[in-house]
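Input: a single structure, listed below in structure tokens.
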Amino acid sequence: MASFQQRTQGCGELRLAHAGQTVTLNGWVHRLRDMGSLVFADMRDGTGLCQLFLDPANHPIPEIKTETCISVTGQVVERADKDKNPNSPTGEVDVVVETMQILNPSKPLPFPLNDETQMQSVNEELRIKHRYLDIRRPSMRKKLALRAAAVRKIRAYLDARDFIETETPIFTKSTPEGARDYLVPYRLEPGLFYALPQSPQQYKQLLMVAGLERYYQIAKCFRDESQRSDRQPEFTQLDLEMSFVTQEDILRLIEGMTVSVINELIDEFELDKDHLAPFPRLTYDESMARYGCDKPDLRFELELFDLSEAVQGTEFGVFKGTLENGGKVRGVRYPGGASLSRKEVGELEDFAKSFGAKGMASIAITSEGQGSENEFTSVSGLVAKAGFLKFLQPEQIEAILSTSGAQAGDLLCIIADEYMAGNNVLYRLRHEIGERTGLRDPRKLAFCFVMDFPLVEWNPDEKRWDSMHHPFTSPKAEDMDLIETDPGAIRADCYDIVCNGTEWASGSIRIHRPDVQARVFRLLGIDDARQKERFGHILEAFSFGAPPHGGIAPGIDRMIMFLLNEENIREVIAFPKIGLGQDPMMEAPSEIDEVQWKEMGLRRN
RNA sequence: GCGGGUGUAGCUCAGUGGUUAGAGCACCGGCCUGUCACGCCGGGGGCCGCGGGUUCAAGUCCCGUCAUCCGCGCCA
């Protein structure tokens, strides 16, 4: 038998229809309004809030404070019309308390969890330290509920399509390629370590060798790298792999799942979001040329333009030098930017410089000139204004205006640099401009596929080719012969899903033939001995009739962030880590006992 | 590893180098029978992150340091 009276209803469920019934509620005191002998208390449980009416005529006023845990029995009564609260779903009734059992009192709270406005600015470390209180807030509960629903729908979608959800080990083997591993010392032989998986990559491929054909897992992944507002040392991916499929099969499956799951969530949680449409597809090269990055924010246009042709032959030193060295002169429109002050343009240039730009040329576009000598009036009537225009021929300026699609009010932001360095500046400028002009619409979820990544990229520091995705990614069949002749030109069967300028999912068709894998390893400078040491198990597995296979892995945390417009990943995780990977609630990482040091065969320093 | 922001009461924040460092909320006491951010009266509460320095005098200026947030590098 329970030591308390168990509830008959949820607080948030009470309606006028319950009037006259005697109900029992379990929950917490959310807020108190003490009118002297008469007391009103908002009571909260997982279903919502209702108002308790405490009158000493019915029951002595008990010693309750905010967040006292209580069990209450009383009659639901309709309020007088003038006392009804239209702002509350339960605002037409009161529960007239007949008995109240105090299940557990509460100390004064570290932050006002019954005040959403104030909670917005409460120190986040304090919230995480007392996360068990923070999560009592209905708004936090809702985030976790949305997350649970997302995972539930994903499971339902994949289960209905014959996927087999399979767990893979958390203690596994270190693979120095990629991110830094979290390591776990092996007690029985000091000097040996497990690593926590950066992803279940090899296991899922081995499950394909094992003939599972369709695998998924809601998988924890661990990467010991610097934190960002959208990165945690441990995070969750939907890890997925299929056999006997083409890239197209995987893209269709994951797109279908994403559209279905997200559109259902938007409806079920009444999110202020537009429904998803089919995803546009871009090649890596297109994405770089049009948006300057492999994770474009497609909520708005403002594509980059290339002026290299337009200014060919110019005597303007910065452009001339860049073009002679094989670089590009490219730019992005800033609608409304023509009205920026000289100082503000300078600040925008500083912004560009902070991402490696050597400088930023800018042209203000207006519809009427002011007779200044820096102006140029085009045949279309647009007036361009910039100090360096005097170094350009009229036809070059006309070409700039037409190529850029300049409109009155624009500021053309122009970066002259080596192609990739320029991209790195231009895409950040584009996103900044999108932010400033309000084009990054919070209602929109602009998903797209970015495909056909290069297989490898040159690492100038180490003087070698590195995998762009991971070493098991398959070169496109038609590029296979380039492995030994022109590695930089190899396209991979590799694809990302991007949402609103953030990478969301990454996947590829894998290499399933040992001979191809060996050629790629050779290209990556991983010699036979090292292949055997690091990847012997998977190479051997591939030699037993491994099927063609491929997969993809979208981030669950980020998916919830997109849906809730959260800028911080910690907001969608029940117990997140802060700053340098610490948990201020558990106080982890922590010292260990002397006995444990000894047992693990470890020494300090 | 680097750059920027923040650090003052339990919480959120004010605070020209010059009285005894303040406010709102919270907390404690009192009053209040229809509140719903209840209201009114009163009270307690401070290592001004920490350590140096400049100064007659430092929350305020300088140097260092720690913590945290954001970003860069990093993140197959």
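Since we're looking at a predicted model, the values are computed, not measured. A, B, ... follow the sequence lines: proteins, then strands. Residue 1 opens every chain.
For the C1' atoms, the distance from U54(B) to A58(B) is 10 Å, rounded to whole Å. Spacing between A57(B) and U20(B) at atom P, rounded to whole Å, works out to 15 Å. Nucleotides G44(B) and C27(B), compared at atom C1', are 9 Å apart to the nearest Å. Spacing between G18(B) and U60(B) at atom P, rounded to whole Å, works out to 11 Å. C62(B) and C25(B): their P atoms are spaced 35 Å apart (whole Å). Using C1' as the reference atom, U16(B) and U35(B) are 45 Å apart when rounded to the nearest Å. Rounded to the nearest Å, the gap between the C1' atom of G52(B) and that of G42(B) is 43 Å. The same atom, P, is picked in C66(B) and in G29(B); the two are 44 Å apart, to the nearest Å.
Of the two residues near RNA chain B, Ile128(A) and Lys65(A), the one whose nearest nucleotide lies more 5' is Lys65(A). Judged by closest nucleotide on RNA chain B, Arg570(A) is the one of Arg570(A) and His470(A) placed further toward the 5' end.
Between C36(B), C27(B), C38(B), one nucleotide has an atom nearer to the side chain of Thr66(A) than all others, and that is C27(B). For Lys82(A), the side-chain atoms get nearest to G34(B) when compared with the rest of U68(B), G34(B), U33(B). Set against U33(B), U68(B), G24(B), the side chain of Gln118(A) has G24(B) as its closest nucleotide. With G34(B), U12(B), G73(B) as the candidates, the nucleotide lying closest to the side chain of Arg428(A) is G73(B). Minimum atom distance to the side chain of Glu225(A) is reached by C74(B), of the listed U68(B), C36(B), C74(B). Nearest to the side-chain atoms of Ile578(A) among the listed nucleotides U33(B), U12(B), C69(B) stands C69(B). With U68(B), C74(B), C72(B) as the candidates, the nucleotide lying closest to the side chain of Glu125(A) is U68(B). Of the candidates U33(B), C70(B), G34(B), the closest approach to any side-chain atom of Ser229(A) belongs to C70(B). Proximity note for Val122(A) (side chain, C-beta onward) versus C11(B), G34(B), C72(B): the nearest is C11(B). Distances were taken from every side-chain heavy atom of Ser226(A) (C-beta onward) to each of G73(B), U33(B), C27(B); the shortest belongs to G73(B).
Between the base of U68(B) and the side chain of Glu124(A) there is no donor-acceptor pair shorter than 3.5 Å. With hydrogens and angles ignored, a donor-acceptor pair closer than 3.5 Å exists between the side chain of Arg79(A) and the base of U35(B). On a pure distance criterion of 3.5 Å, a polar donor-acceptor pair joins the side chain of Arg231(A) and the base of C75(B). Side-chain to base pairing of Asn123(A) with G7(B): no donor and acceptor N or O lie closer than 3.5 Å to each other.
Rounded to whole Å, the distance from CD on Glu435(A) to C1' on G71(B) is 14 Å. Taking atom CG on Asp94(A) and atom P on U33(B), their separation rounds to 17 Å, with Å as the unit. Separating the CD1 atom of Ile64(A) from the P atom of C28(B) is a distance of 13 Å, rounded to the nearest angstrom. We find that CD of Glu432(A) is positioned 18 Å from P of C70(B), with the value rounded to whole Å. Remark: C1' of C72(B) and CZ of Arg228(A) are 6 Å apart, rounded to the nearest angstrom. Going from atom CZ of Phe40(A) over to atom C1' of C32(B) covers 12 Å, rounded to whole Å. Rounded to whole Å, the distance from CG on Leu54(A) to C1' on C32(B) is 16 Å. Across the protein-nucleic acid pair, Glu63(A) atom CD and C28(B) atom C1' stand 12 Å apart, rounded to whole Å.
Heavy atoms of Ser354(A) sit nowhere under 4.0 angstrom from any nucleic acid atom. Heavy atoms of Asp55(A) sit nowhere under 4.0 angstrom from any nucleic acid atom. Contacts of Phe472(A) with the nucleic acid, taken as non-hydrogen atoms under 4.0 Å apart, are absent. Using a 4.0 Å heavy-atom cutoff across all strands shown, Ser37(A) reaches at least one base atom of the nucleic acid. Nucleic acid contact class of Met119(A) (heavy atoms, under 4.0 Å, all strands): none. Residue contacts shown for Gln582(A) are limited to sugar-phosphate atoms, with no base heavy atom under 4.0 Å away.
Within the 4.5 Å cutoff, side-chain heavy atoms of Ile552(A) are placed close to those of Ile497(A).
The residues Arg510(A) and Asp493(A) are annotated as not salt-bridged, no charged nitrogen and carboxylate oxygen being separated by less than 4.0 angstrom. Using a 4.0 Å cut-off between a side-chain N of Lys or Arg and a carboxylate O of Asp or Glu, Arg15(A) and Glu92(A) do not qualify as a salt bridge. With salt bridges taken as basic N to acidic carboxylate O contacts below 4.0 Å, none links Asp452(A) and Arg491(A). In this structure, Asp181(A) does not pair ionically with Arg223(A), as no charged nitrogen and carboxylate oxygen lie closer than 4.0 Å. A salt bridge is absent between Arg44(A) and Asp42(A); no separation between the charged side-chain nitrogens and carboxylate oxygens falls under 4.0 Å. Ion pairing between a basic and an acidic side chain is recognised when a charged N comes within 4.0 Å of a carboxylate O; Arg127(A) and Glu571(A) show such pairing. A salt bridge links Arg440(A) with Asp297(A): at least one charged nitrogen is closer than 4.0 Å to a carboxylate oxygen.
Between Asn568(A) and C70(B) there is a side-chain polar atom (N or O) within less than 4.0 angstrom of OP1 or OP2. Considering only side-chain N and O atoms, Arg33(A) lies under 4.0 angstrom from the phosphate OP1 or OP2 of C38(B). Regarding contacts with the backbone of C11(B), every side-chain N or O of Arg127(A) stays at 4.0 angstrom or more from both OP1 and OP2.
Nucleotide G1(B) forms a pair with C72(B), judged by Watson-Crick or G-U wobble geometry with both contacts under 3.5 Å. Across the strands present, G43(B) finds its partner in C27(B); the criterion is a Watson-Crick or G-U wobble pair with both atom distances under 3.5 angstrom. Base pairing analysis places U6(B) opposite A67(B); the two distances defining the Watson-Crick or G-U wobble pair are each below 3.5 Å. Remark: U35(B) base-pairs with no nucleotide in the shown strands. Criterion, Watson-Crick or G-U wobble with two distances under 3.5 Å.
Residue ring and base: Phe111(A) does not count as stacked with C11(B) (centre distance below 5.5 Å and interplanar angle below 30° not both satisfied).
No donor-acceptor contact under 3.5 angstrom links the side chains of Asp239(A) and Tyr203(A), judged on distance only.
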